[in-house]
Amino acid sequence: MSSELEKRFLSLRKQVIEASFGRLNPVQRDAVFTVNGPLLILAGAGSGKTTVLVNRIANLVRYGTAHDSDKIFGTAGEEDVAALEALLKDGGKLTARLASLLSVNAVRPWHVLAITFTNKAAGELKTRLEAMLGSDAQDIAASTFHSACVRILRREAEHLGYPKSFTIYDSDDSLRAMKEVYKQYNIDDKFLPVKSALSAIGRLKDQMVSPAAAAAQASEYRTKLVATAYEGYAKRLFSAGALDFDDLIYQTVLLFQEHPDVLEYYRDRWQYILVDEYQDTSVAQFLLVSLLAGGHNNICVVGDDDQSIYRFRGATIENILSFEQHFPGAKVVRLEQNYRSTTSILDAANRVIKNNVGRKGKTLWTDNGEGDRVCLYRADNEQDEAAHIASVIGQNLKNGAHLRDHAVLYRMNAQSGPIETYFARAGIPYKIVGGHRFFDRKEVKDIISYLSVIANPRDDLRLRRIINEPARKIGAATLDAAAGIAAGLGCGLMEVIAEAQNYPALGRALVPLKNFCAICDDLTAAAQEQPLDELVSTVIDRSGYRQMLEAQGEEGRTRLENLGELVSSVKTYADEKGDEASLEGYLEEVALISDIDGYDEEADTVVMMTMHAAKGLEFDYVFLVGLEEGVFPGEMSRYSDEDLEEERRLCYVGITRAKKELYLSCARTRMIFGQTKRNPESRFLTEIGEGELQVEESPVAAMATTRISAGAARQRETTRQAESFRSFTARSGLTGTAPRPTAAAKRGAGIAFKPGDLVEHKVFGRGTVLKVTPIAGDTIVEIRFDTAGVKKTMANYAPLTLAH
DNA sequence: TATCGTAGTGTTTTT
DNA sequence: CACTACGATA
């Protein structure tokens with residue numbers, strides 16, 4: 001081949017490859033086409049990092065290093081050049097021959113491992129890869145740290161002395177286990193609350209400190225106590241064949257450190273490793289990644305130090321700050337162009353984050369245009385704040401926006417209550433992400449416990465949970481006796497009660513114990529014979545749980561409905577996995593499910609969640625609520641600069657979720673944990689600068705003279721709302737669409753108010769209608785009252801009539 | 001042994 | 001305010 005022809009071929013090949021990836025800016029392109037060696041992508045919020053990640057993997061698998069290589073596999077002739085030209089002009093077909101000429105050292109899909117933060121993100125990655133690569137994408141591994149580790153441990157647990165069918169403890173299980181440890185070692189939780197011990201131990205595991213090492217390095221009373229608790233806890237979990245969340249990572253790292261042959265296998269398996277949200281990884285996760293990448297050294301991490309918000313969970317920002325030291329020769333790429341937000345929104349974000357020290361430092365910019373100014377609403381209290389949000393949403397809907405374009409983000413889950421109440425009353429469909437998870441409900445956890453005892457009878461903790469649920473006359477005394485015998489024999493509880501007749505100490509409870517064993521035997525047999533969803537129904541029936549709930553009236557009915565949902569969740573799982581479906585597999589999926597995984601962006605409802613949960617998402621209209629000192633930044637972070645910086649990063653995350661409009665709000669008084677507080681406005685507002693904001697004050701605040709009567713009325717309102725909130729959540733669970741207003745609640749319903757109307761309000765007296773805003777199912781009526789100032793009310797709820 | 005009532009307590013963010 | 005843990009009683 002002449003060198004002229006070769007040059008033309010190479011140039012064309014480059015163009016064809018680039019053309020297959022849509023439009024990329026030069027920095028993004030650099031990131032996509034860097035194939036080998038360590039790579040750090042510093043990706044600002046909204047900089048298209050997922051696109052880069054997907055394209056980068058696609059390039060690995062499809063073209064390898066062809067983009068920047070002058071190697072050609074095979075000999076390219078004139079006709080190949082012509083074929084490429086045709087391809088560029090969209091007039092050609094990609095033949096097998098061309099495909100091979102287009103690639104150099106392409107990576108086999110099963111050599112790629114992509115680690116994301118949530119299952120949802122992993123799923124999305126997979127979907128987008130399938131769209132680009134078709135069936136090749138099937139073999140690419142995309143999962144979270146935790147599920148990747150579970151998969152490894154399911155194969156290798158025996159190297160560590162754990163059974164392959166180990167149970168995964170959630171935080172509730174961990175709490176129970178630790179309480180037993182406290183009892184066993186006579187630890188007083190006055191000196192060390194159980195939760196503190198657990199989080200201290202979690203932190204130790206994040207840093208790969210073993211119980212022995214913790215004991216050795218403990219010098220103070222408190223750390224010694226932690227070390228004792230740690231040791232007891234680890235023993236307990238080991239003998240139960242259980243791992244907690246932190247163990248999944250910890251034990252996997254241990255496995256790799258202690259079994260080089262095992263590590264070798266996985267190094268060979270995953271030669272290309274990508275880690276998303278790298279700023280939120282812990283020391284243990286860093287070790288895991290570097291052990292795996294140690295062989296081929298092909299590691300690509302994506303992250304944004306400004307978005308590190310999980311320090312409290314052991315994440316260390318050092319991982320991203322020292323990537324270049326950890327991986328010498330690393331290439332660093334910065335994505336600073338934002339494709340998501342308006343300049344106004346980005347300015348606010350930049351103004352806040354620049355107050356942090358110790359960051360890599362970058363400034364986002366966009367050519368999306370100025371956009372509207374960021375709004376600030378100073379509400380009177382949290383109800384007023386909620387009302388304002390509802391009215392803005394109503395306004396936006398009128399202008400053609402969809403409900404699903406709106407997100408309400410808050411610092412803590414407890415803040416959702418008042419907003420939820422208001423939305424429910426106003427008939428605005430909404431969905432809450434997070435809070436109490438479905439799988440945390442008692443009845444659901446109980447049935448799950450039955451299932452996990454079937455899968456792993458060694459797990460005493462879950463056995464204890466269900467042995468007397470429903471009541472079977474097996475009380476604490478019996479259980480203690482059995483546990484004593486088990487400890488003496490060094491075996492599990494289950495083995496003791498199965499042979500109860502051999503132990504005189506259990507004589508009194510022999511019959512109930514035998515009955516329970518019969519249930520377990522039946523269920524174990526059912527697990528062999530029945531499909532999964534049928535098994536769950538069998539568990540509900542045979543355990544007597546259904547009967548118990550049926551006897552409980554209204555509350556039992558909702559719980560039974562929840563169990564029905566559990567059965568359908570199992571069915572969905574079984575249908576999805578087909579032959580792969582297994583009891584262990586389902587339990588594992590349930591254990592690792594996260595709140596955000598259930599979020600469905602297609603459903604047309606407003607969505608509410610914490611700012612933590614919103615990481616990685618974007619919305620046209622974002623409400624950031626509760627911008628008060630003590631709420632956001634939170635009370636706990638007030639005295640520590642490091643914690644405060646984390647709050648600030650969280651604020652940065654919140655702001656940068658918004659594409660078109662950002663609405664901030666604070667309340668002069670707020671009821672929090674049962675007490676009404678007056679908090680100063682958040683420092684984050686000061687940092688943005690009031691001059692940058694479009695400020696609106698609560699109308700009530702201006703009317704100081706009428707405050708007392710309005711306050712009294714509000715108080716009555718509050719109690720009524722609290723009731724309706726409770727009954728609502730009891731009825732439909734914490735997630736779900738708001739029920740339509742019930743007939744009983746309707747007061748001013750059916751009247752078509754219009755501006756200028758004279759109205760009579762039961763509490764506020766006479767007034768004039770200023771504005772009428774219809775929102776889903778109801779109407780916001782803004783009224784100037786003669787004595788009570790301007791108020792917004794819902795037509796369907798307000799005690800409102802037309803005056804004459 | 002089970003259930004009911006009361007007193008006390010702790011309240012962030014989550015895989 | 002909401003949940004838990006514990007104690008008294010049937």
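Quantities reported herein were computed from a predicted structural model and do not represent experimental measurements. The chains referred to below are lettered A, B, ... by the order of the sequence lines, with proteins before strands, and numbering in each begins at 1.
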### Task
With heavy atoms under 4.0 Å as the rule, sort A:Ser171 into base, sugar-phosphate or nothing.
nothing
#### Entry: Nucleotide C:dC1, atom C1' - distance to CZ of A:Arg670 in whole Å
16 Å
### Task
Establish, for the pair A:Arg559 and A:Tyr545, whether the NZ or CZ atom is under 6.0 angstrom from the six-membered ring centre and no further than 45 degrees off its axis.
no
### Query
Considering only the P atoms, how many Å lie between C:dT4 and B:dT13, rounded to the nearest integer?
16 Å
### Message
Expressed as a whole number of angstroms, how long is the span from A:Asp189:CG to B:dG8:P?
### Response
15 Å
### Query
Do A:Glu385 and A:Asn381 have side-chain heavy atoms sitting under 4.5 Å apart?
no
Taking only nitrogen or oxygen atoms into account, show me every contact under 3.5 Å that the protein makes with nucleotides 2-4 of chain B, one pair per line with its distance.
residue: B:dA2; atom: OP1; partner: A:Lys473; partner atom: N; Å: 3.3
residue: B:dA2; atom: OP2; partner: A:Asn468; partner atom: ND2; Å: 3.4

### Query
Taking atom C1' of B:dT15 as reference, at what distance in whole Å does atom CG of A:Asp173 sit?
14 Å
### Task
Apply ring pair (Phe, Tyr, Trp, His ring centres under 6.0 Å) to A:Phe256 and list each qualifying residue two or more places apart in sequence or on a separate chain.
A:Tyr266
### Message
Check this for me, if you would: do A:Glu382 and A:Arg668 make a salt bridge, where the nitrogen-to-carboxylate-oxygen distance has to be below 4.0 angstrom?
### Response
no
### Query
Charged N to carboxylate O under 4.0 angstrom, A:Lys164 versus A:Glu156?
no
### Task
Compute whether any side-chain donor of one residue and acceptor of the other, for A:Asn319 and A:Thr281, lie under 3.5 angstrom apart.
yes
### Task
Could you tell me whether A:Ala591 contacts a base, only the sugar-phosphate backbone, or nothing, with contacts defined as non-hydrogen atoms closer than 4.0 Å?
nothing
#### Entry: Distance (rounded to the nearest 0.5 Å) between A:Ile419 CD1 and A:Tyr430 OH
11.0 Å
So which protein N/O to nucleotides 12-14 of chain B N/O distances come out below 3.5 Å?
residue: B:dT12; atom: O2; partner: A:Arg411; partner atom: NH1; Å: 2.8
residue: B:dT12; atom: O2; partner: A:Arg411; partner atom: NH2; Å: 2.4
residue: B:dT13; atom: OP1; partner: A:Asn413; partner atom: N; Å: 2.8
residue: B:dT13; atom: OP1; partner: A:Asn413; partner atom: OD1; Å: 3.1
residue: B:dT13; atom: O4'; partner: A:Arg411; partner atom: NH2; Å: 3.2
residue: B:dT13; atom: O2; partner: A:Arg411; partner atom: NH2; Å: 2.5
residue: B:dT14; atom: OP1; partner: A:Thr610; partner atom: OG1; Å: 3.1

### Task
Summarise protein proximity over nucleotides 3-10 of chain C in one line of letters, 5' to 3': B for base, S for sugar-phosphate only, - for none, counting protein heavy atoms closer than 4.0 Å.
--S-----
### Residue-level proximity of residues 276-288 of chain A to DNA chain B when a heavy atom falls under 4.0 Å
none
### Query
Taking atom P of B:dT15 as reference, at what distance in whole Å does atom CD of A:Glu589 sit?
15 Å
### Query
A:Gln279 and A:Asp304: side-chain donor and acceptor closer than 3.5 Å?
no
#### Entry: Residues in side-chain contact (heavy atoms from CB on, under 4.5 Å) contact with A:Val181, at least two apart in sequence or another chain
A:Met178, A:Tyr185, A:Tyr233, A:Arg236
### Query
So, do A:Tyr310 and A:Phe117 have ring centers that fall under 6.0 Å from each other?
yes
### Residue pair A:Ser210 / A:Tyr230, side-chain donor-acceptor N/O under 3.5 Å
no
### Message
Side chains of A:Ser147 and A:Thr144 only: does a donor on one sit below 3.5 Å from an acceptor on the other?
### Response
yes
### Message
Taking salt bridge (charged side-chain N to carboxylate O under 4.0 Å, His left out) as the criterion, tell me which of A:Asp459, A:Asp172, A:Asp460 meets it with A:Arg465.
### Response
A:Asp172
### Query
Could you give the CG-to-P distance, from A:Asp247 to B:dT15, as a whole number of Å?
17 Å
